[in-house]
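Letters go in sequence order (proteins before strands), and every chain restarts at 1.
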Amino acid sequence: MAKKTTPPDRKTAAATQKSESIYDVTYQIVRLVPKGRVTSYGAVAAAIGATSGARMVGYAMNLAHGVKPKVPAHRVVNRNGMLTGKHHFQPPGLMEELLLKEGVKVANDTVVDFEKLFWDPMVELAPR
DNA sequence: AACATGACGTCGC
DNA sequence: AGCGACGCCATGT
């Protein structure tokens, strides 16, 4: 009886992920963004080692909804300084609101003086 | 396993 | 200078 080895009840994605997933790292980088500052997906991606994974960063932000501690995804914009993800907020426009409250001026869905407010994790966290 | 999608980025026209 | 297409990496179907 009992032929073959009975496979243990493995839950889906039980041990699939390790302690740190690309999302976890991404969230932490974003959380490090100081108030009144903004960063870009590409910069964060480069900081986590996914230089070309800018899309993954955006993907991670999408999952960041309800993640604790809260992830200031509104401080993350594209390389253009444009609030590309504003439509993913609830309600849309919340992203701009939050930025304005933090002192970041937004015009036409784009961060004003983006390069000035740009916070590069690679530079700030990089050991000189 | 292959295809399609995505909060980006870069190159080409 | 504005629009289109490809590339990247991960996820879902």
Practice problem: Check every strand shown and say whether Asn78(A) touches a base, only sugar-phosphate, or nothing at a heavy-atom separation below 4.0 Å. | Solution: sugar-phosphate
Quiz item: How many Å lie between CE on Met82(A) and C1' on dG2(C), as a whole number?
Solution: 13 Å
Self-check item: Gap in Å between the two P atoms, one belonging to dC6(C) and one to dC3(B), rounded
Solution: 16 Å
Quiz item: Is there a side-chain contact between Phe114(A) and Val38(A), using heavy atoms and a 4.5 Å cut-off?
Solution: yes
Quiz item: Starting at OH of Tyr59(A) and ending at P of dG12(C), how long is that distance when rounded to a whole Å?
Solution: 7 Å
Exercise. Quote, to the nearest angstrom, the P distance that separates dA4(B) from dA5(C).
Key: 16 Å
Self-check item: Donor-acceptor contact below 3.5 Å, side chain Tyr23(A) vs main chain Met61(A)
Solution: no
Quiz item: Is any side-chain heavy atom of Leu83(A) less than 4.5 Å from a side-chain heavy atom of Thr110(A)?
Solution: no
Self-check item: Any Ser52(A) side-chain N or O less than 4.0 Å from OP1/OP2 of dG9(B)
Solution: no
Practice problem: Would you mind classifying the nucleic acid contact of Ala73(A) as base, sugar-phosphate or nothing, using non-hydrogen atoms under 4.0 angstrom? | Solution: base
Exercise. Give His74(A) one of three labels, base, sugar-phosphate or nothing, depending on what nucleic acid heavy atoms sit under 4.0 Å from its own.
Key: nothing
Quiz item: Roughly, in whole Å, what's the span from CE in Met56(A) to C1' in dG12(C)?
Solution: 12 Å
Practice problem: Determine the contact category for Leu83(A): base if any of its heavy atoms lies under 4.0 Å from a base atom, sugar-phosphate if only primed atoms, P, OP1 or OP2 are that close, otherwise nothing. | Solution: nothing
Quiz item: Does Tyr41(A) get its side chain close enough to the base of dA7(B), under 3.5 Å, for a donor-acceptor pair?
Solution: yes
Quiz item: Just how far, in rounded Å, is C1' of dA7(B) from NE2 of His65(A)?
Solution: 9 Å
Exercise. With the side chain counted from C-beta on, respond yes when Leu125(A) and Leu32(A) share a heavy-atom pair under 4.5 Å apart, and no when they do not.
Key: yes
Practice problem: Measure from CG on Asp109(A) to C1' on dC8(B) and round the result to the nearest Å. | Solution: 17 Å
Exercise. Name the nucleic acid region contacted by Arg79(A), choosing base, sugar-phosphate or nothing; use a 4.0 angstrom heavy-atom cut-off, strictly under.
Key: sugar-phosphate
Exercise. Figure out the CG/P separation between Asp24(A) and dA10(C), and round it to whole Å.
Key: 15 Å
Exercise. Take the protein atom CE of Met61(A) and the nucleotide atom C1' of dT11(C), then report the distance between them rounded to whole Å.
Key: 16 Å
Quiz item: Atom CZ of Arg55(A) and atom C1' of dT5(B): how far apart are they, to the nearest Å?
Solution: 8 Å
Practice problem: Indicate whether any N or O donor in one side chain lies under 3.5 Å from an N or O acceptor in the other, for Gln90(A) and His65(A). | Solution: no
